[in-house]
Every structure is written in structure tokens, then in C-alpha cells.
**Student:** 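Quick one: this structure, given as C-alpha cells, is what I'll be asking you about.
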Amino acid sequence: MENKIQANNLTFYYGDVPAVRDVSLSVKKNSVLALIGPSGCGKSTFLRCINRMNDIIPGSRAEGDILIDGESIYHRKYDVTGLRRRVGMVFQKSNPFPKSIFENIAYGLKINGVRDRYEIEGIVDSSLKSTGLWEEVKDRLGESAMGLSGGQQQRLCIARTIAVQPEIILMDEPASALDPISTQKIEELIQDLKANYTIVIVTHNMQQAARVSDYTAFFYLGELIEVNGTEKIFTRPDLQMTENYITGKFG
Amino acid sequence: MTTHLEQELEAIKRRVFEMADLAIESVAKAVESLKKGDTRAAKEIVGNDSRLDRLEVEIDEECIRLLVTRQPAAVDLRFVLAMLKINTDLERIGDLASNIACETIRQEGRPSLKPLVDIPRMSEIAVRMIRGAFQSMTEMNAEAARVVIESDREMDDLNLQVYRELFSYMAEKPEIISQALGLIMAAKALERIGDHATNIAERIIYYIEGIDIRHLEE
């Protein structure tokens with residue numbers, strides 16, 4: 001399987017302080033990579049480097065590089081807007097627009113220049129179906145998205161993300177504020193989405209990492225300690241440090 | 001400060017070691033009873049078996065509870081999985097020791113066909129294997145566990161030797177067939193105990209190194 005994402009010696013600074021140090025790893029196409037590690041270990045910073053979300057933070061800068069399909073996304077002529085279309089993101093707290101369910105998904109299409117009403121309707125339908133929301137909201141597409149439950153809002157955000165047909169989806173603790181049933185739906189969704197997308201997920205829940213991911217990367221103090229197959233990491237990690245973390249013998 | 005998880009893992013370990021001590025005692029005493037024709041000691045061993053059965057159930061329950069409530073990973077997960085299986089091996093060893101003791105009872109104190117040499121030797125090796133396996137776990141020494149596995153061949157050879165010897169005895173004196181078959185059964189039980197000790201050592205290697213070495217030779 002080919003590498004979709006390749007980080008080469010990536011170091012990311014907030015001011016003078018490196019939050020991510022010299023990280024090199026690759027993510028295979030149509031796989032799920034989970035990033036785990038204690039708070040402040042740099043996993044979210046690394047995640048946000050993949051679609052250059054950190055660019056907007058004053059005084060921050062990146063060294064090294066990230067390639068997507070072999071192309072450097074940190075090249076100064078790289079189209080960042082296009083990058084964010086290719087690399088969608090879902091956050092910890094669901095953030096639907098204060099608009100109707102339909103408009104939430106149609107919005108991204110419209111600003112991307114899709115004008116055909118039937119095409120938009122078709123994509124709204126298919127996005128809602130692939131996130132399992134369709135049956136729950138099909139009779140109230142015109143109602144405000146703010147009226148949905150937390151779990152539904154989060155799935156709506158995922159539907160909104162996939163509506164613009166990205167290649168990669170970044171998820172920053174997408175289920176940490178959800179109840180177990182909604183969490184399970186999100187986790188199953190991740191497994192389903194893998195067929196069409198490459199997914200990188202940050203999670204504090206190690207069982208979740210074990211359940212949803214194919215590969216797991218353990219970060220500590222800004223460094224990548226170990227990246228391995230998820231089954232290997234959770235049964236027989238190569239490094240003692242990883243073992244200490246996942247068995248809770250840390251700190 | 002130890003965490004609750006560590007305390008619970010330690011509690012399971014203590015239980016399994018307690019069970020191992022009981023199993024070792026049963027094997028040694030069963031063969032001793034056979035050697036001496038001591039039916040009273042033999043009855044005690046048969047009684048001990050229910051203690052092993054109870055421990056097996058309790059350890060299973062504790063392991064399942066820990067899996068459900070703590071979701072252990074890596075070395076902790078391997079430990080629980082290994083203990084669940086070792087538990088079964090120890091219970092089977094107890095059953096086999098009990099079978100040997102039943103043979104003593106069946107002989108009703110009749111003098112042995114001949115002084116027993118190979119069967120007590122097998123018992124010594126079996127005890128050494130089980131002890132060695134648990135020692136390797138205490139020391140987290142996978143190499144020591146591999147040494148235990150090597151002893152199994154000795155057990156197989158001795159079993160075959162006992163069988164051949166008694167077989168020719170039976171051909172000469174058909175009236176001793178019943179007693180000889182009892183001894184063949186005892187040797188076979190010890191050979192099986194060696195297999196279980198091998199299983200235990202293999203599971204300890206899995207716990208320590210995370211690799212499954214079962215059936216690799218085949």
C-alpha cells in the first residue's frame with residue numbers, strides 16, 4: 001500500500017519552543033493512524049501540521065516537511081486553501097453552523113463553486129447516508145442543526161467534512177465529549193470511512209485507539225517514541241516507554 | 001505507590017502460585033503413595049483435587065473481572081491471558097495426580113511388582129519442570145522457561161521405557177497384567193504432566209516476550 005502522508009523530520013515551534021521534534025512517520029492510504037500520548041506531548045500539534053492549521057498561530061513555524069502523495073505541503077508555493085479541501089478536519093467539540101442541517105453540508109460545496117441544485121442535493125444525501133445520519137434527519141433537513149444531539153452534531157460535522165470529498169480526514173478527539181452509544185457510532189463510522197479516506201485520529205482513550213486504528217503512534221514530550229501496528233503496540237510494543245504508557249505506569 | 005491494577009495483578013499471581021504449589025505437592029505425594037502403597041495418603045490427594053478445582057474457577061473469575069474492568073494492555077494483557085491458560089494446565093495436572101493416587105488405592109496396598117525407579121524419576125522431573133517454569137516467571141527469565149521445555153523429551157523417553165519394560169513383564173507373567181497396566185497408566189499420567197508443564201513454560205514465554213512459540217517445532 002502506498003504512503004498517503006509522509007512526515008520527514010518535522011519540527012514545529014510555537015515561538016522558540018518546539019512542540020513537535022524531528023518527527024518522521026508515514027501513513028498508508030486508506031488506513032487509520034491513531035496518535036496517543038499524554039497531554040502536551042505534541043500529538044494535536046502534529047495532527048494540525050497535516051493541514052497547516054497551525055499556520056494561523058502567530059510566531060509558529062515548521063522545519064522539515066510533510067508530503068501528501070509525495071508532494072511537499074510546506075513548499076512556499078503550495079496552495080493552502082486547496083490543502084484544506086484535501087485534508088478535512090473534525091474537532092473535539094462539534095461545531096455545526098447555526099444553519100439548517102441541509103445548509104451545513106451544502107455550505108462547503110457552495111463555497112467550492114458547486115451551483116447545481118441537484119448535485120448539491122445528491123451530495124447532501126450521500127454524505128448523510130455515509131455517516132449514518134440520513135435515517136435520523138431525513139424528515140427535518142430544513143431544521144436548525146443546533147437542535148441535533150451532541151453525537152448527531154458530530155456526525156453532521158463529519159458529513160460536512162466528507163461532502164467536499166477530501167482525501168484525508170483529521171480527527172482531534174472526535175468522541176471525547178460523547179456518550180457511549182454516540183461514541184460507538186463514530187468509531188464504526190471511522191472504520192467505514194477508511195475504505196475511501198485516510199484517517200489520522202488523536203485520542204486520549206487508548207481502547208478507542210485499539211478499536212479504530214490500524215497503526216498507532218505514541219508521542220511523548222514532542223517526540224515520536226514508537227509507531228507500529230496497533231495490535232503490536234497494544235500486545236507487544238517494541239519500547240519499554242510505550243509499554244509503560246499504555247499499561248498506565250507513567251508519571 | 002502501587003496502582004489498583006498492579007494490586008489486582010499481584011493478587012492473581014499469588015493465587016496462581018498457590019495453585020502451583022498445590023499441584024506440585026499432589027504430583028510428588030501421588031507418586032510417593034504409589035511407591036509405598038500408602039492408600040491413606042492417596043485418599044488425601046484425591047481430596048486435594050477439589051481445592052485445585054475451586055482455585056481454577058476463582059482465578060478465572062478474577063482474570064475475567066480484571067479484563068472487563070481494567071482493560072489491561074501489553075505486558076499486563078499478556079499476563080492475564082497467560083494466567084487464564086496456566087490455570088487450566090494446573091487444574092489438569094491436579095487431575096492427573098489424582099488419577100495416580102486412585103491407582104494406589106486400586107492396588108490396595110499390594111506389594112509393587114518391583115521397586116519403582118523410573119516412575120519416581122519422572123515425578124522428580126515433573127516437579128522440577130513445574131517449579132522451574134514458575135521460577136522463570138518470578139525472575140522474568142524466558143531462557144529459564146526454555147530450559148523447562150527441553151526436559152519434556154526426557155519425560156517422553158522415560159514413559160516409553162516404562163511401557164516397554166512392563167510390556168515384556170506382562171508377556172512373561174499374565175497374572176500381573178492388571179497391576180502393570182496401572183503402572184503404565186501412572187507413567188502416562190506423568191508424561192502428560194510434563195506436557196502441561198511445557199505448556200505452562202510456553203505461556204510464560206508469551207507473557208515475558210510476547211511471542212507464541214507453540215507448535216513451532218512442528
Side-chain angles (χ1 to χ4, degrees), chain A residues 32-39 41 43 173 175-176 178-181 183-184 186-188 201-220 224-251, chain B residues 1-14 16 62-87 136-146 199-216:
Chain A
V32 180
L33 170 73
L35 309 178
I36 61 167
S39 297
C41 70
K43 56 191 187 301
E173 296 186 56
S176 61
L178 302 180
D179 66 90
I181 305 285
T183 299
Q184 191 185 354
I186 299 278
E187 289 180 2
E188 283 178 9
I201 174 173
V202 164
T203 177
H204 273 293
N205 180 333
M206 274 181 292
Q207 276 73 43
Q208 182 170 71
R211 283 191 297 266
V212 303
S213 69
D214 303 299
Y215 300 90
T216 297
F218 168 53
F219 281 74
Y220 186 64
L224 173 65
I225 304 299
E226 178 171 350
V227 58
N228 237 323
T230 295
E231 194 192 325
K232 175 112 174 32
I233 287 265
F234 285 95
T235 55
R236 182 166 58 99
D238 283 334
L239 296 180
Q240 189 63 41
M241 244 176 123
T242 315
E243 178 144 307
N244 289 347
Y245 181 69
I246 61 169
T247 56
K249 299 181 189 80
F250 226 74
Chain B
M1 201 188 75
T2 55
T3 62
H4 286 272
L5 172 64
E6 285 168 327
Q7 287 167 16
E8 286 173 30
L9 291 168
E10 194 53 42
I12 291 173
K13 195 176 189 174
R14 268 201 306 275
V16 173
E62 282 179 39
C63 288
I64 291 165
R65 191 167 50 236
L66 194 137
L67 285 172
V68 171
T69 58
R70 306 273 176 206
Q71 287 123 32
V75 67
D76 297 340
L77 175 68
R78 301 200 306 267
F79 172 81
V80 177
L81 295 178
M83 291 312 116
L84 272 170
K85 291 194 159 189
I86 286 175
N87 191 22
S136 74
M137 181 155 94
T138 308
E139 295 165 358
M140 291 298 275
N141 179 352
E143 282 318 304
R146 287 190 169 87
N199 291 348
I200 292 171
E202 286 171 348
R203 306 196 203 290
I204 288 169
I205 291 168
Y206 172 72
Y207 158 48
I208 297 171
E209 295 186 338
I211 50 171
D212 191 344
I213 62 156
R214 287 177 301 171
H215 313 302
L216 283 188

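All heavy atoms count here, side chains included; hydrogens, waters and symmetry mates do not. Please read all numbers here as calculations on a predicted model, not as lab measurements.
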**Student:** Of the backbone (N, CA, C, O) and the side chain (C-beta and beyond), which part of B/I211 lies under 4.5 Å from a heavy atom of chain A, both, or neither?
**Tutor:**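 Both parts, backbone and side chain.
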**Student:** Donor-acceptor pairs under 3.5 Å, chain A to chain B, main chain and side chains both?
**Tutor:**
{"residue": "A/Q207", "atom": "NE2", "partner": "B/Q71", "partner atom": "O", "Å": "3.4"}
{"residue": "A/F234", "atom": "O", "partner": "B/A74", "partner atom": "N", "Å": "2.7"}
{"residue": "A/T235", "atom": "O", "partner": "B/R78", "partner atom": "NH1", "Å": "2.6"}
{"residue": "A/R236", "atom": "NE", "partner": "B/G210", "partner atom": "O", "Å": "2.9"}
{"residue": "A/K249", "atom": "NZ", "partner": "B/D76", "partner atom": "OD1", "Å": "3.3"}
{"residue": "A/K249", "atom": "NZ", "partner": "B/D76", "partner atom": "OD2", "Å": "3.3"}

**Student:** Using the side-chain contact (heavy atoms from CB on, under 4.5 Å) criterion, which residues pair with A/Y220? Sequence neighbours excluded.
**Tutor:**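 Here the qualifying residues are A/P38, A/F218, A/I225, A/M241, A/F250.
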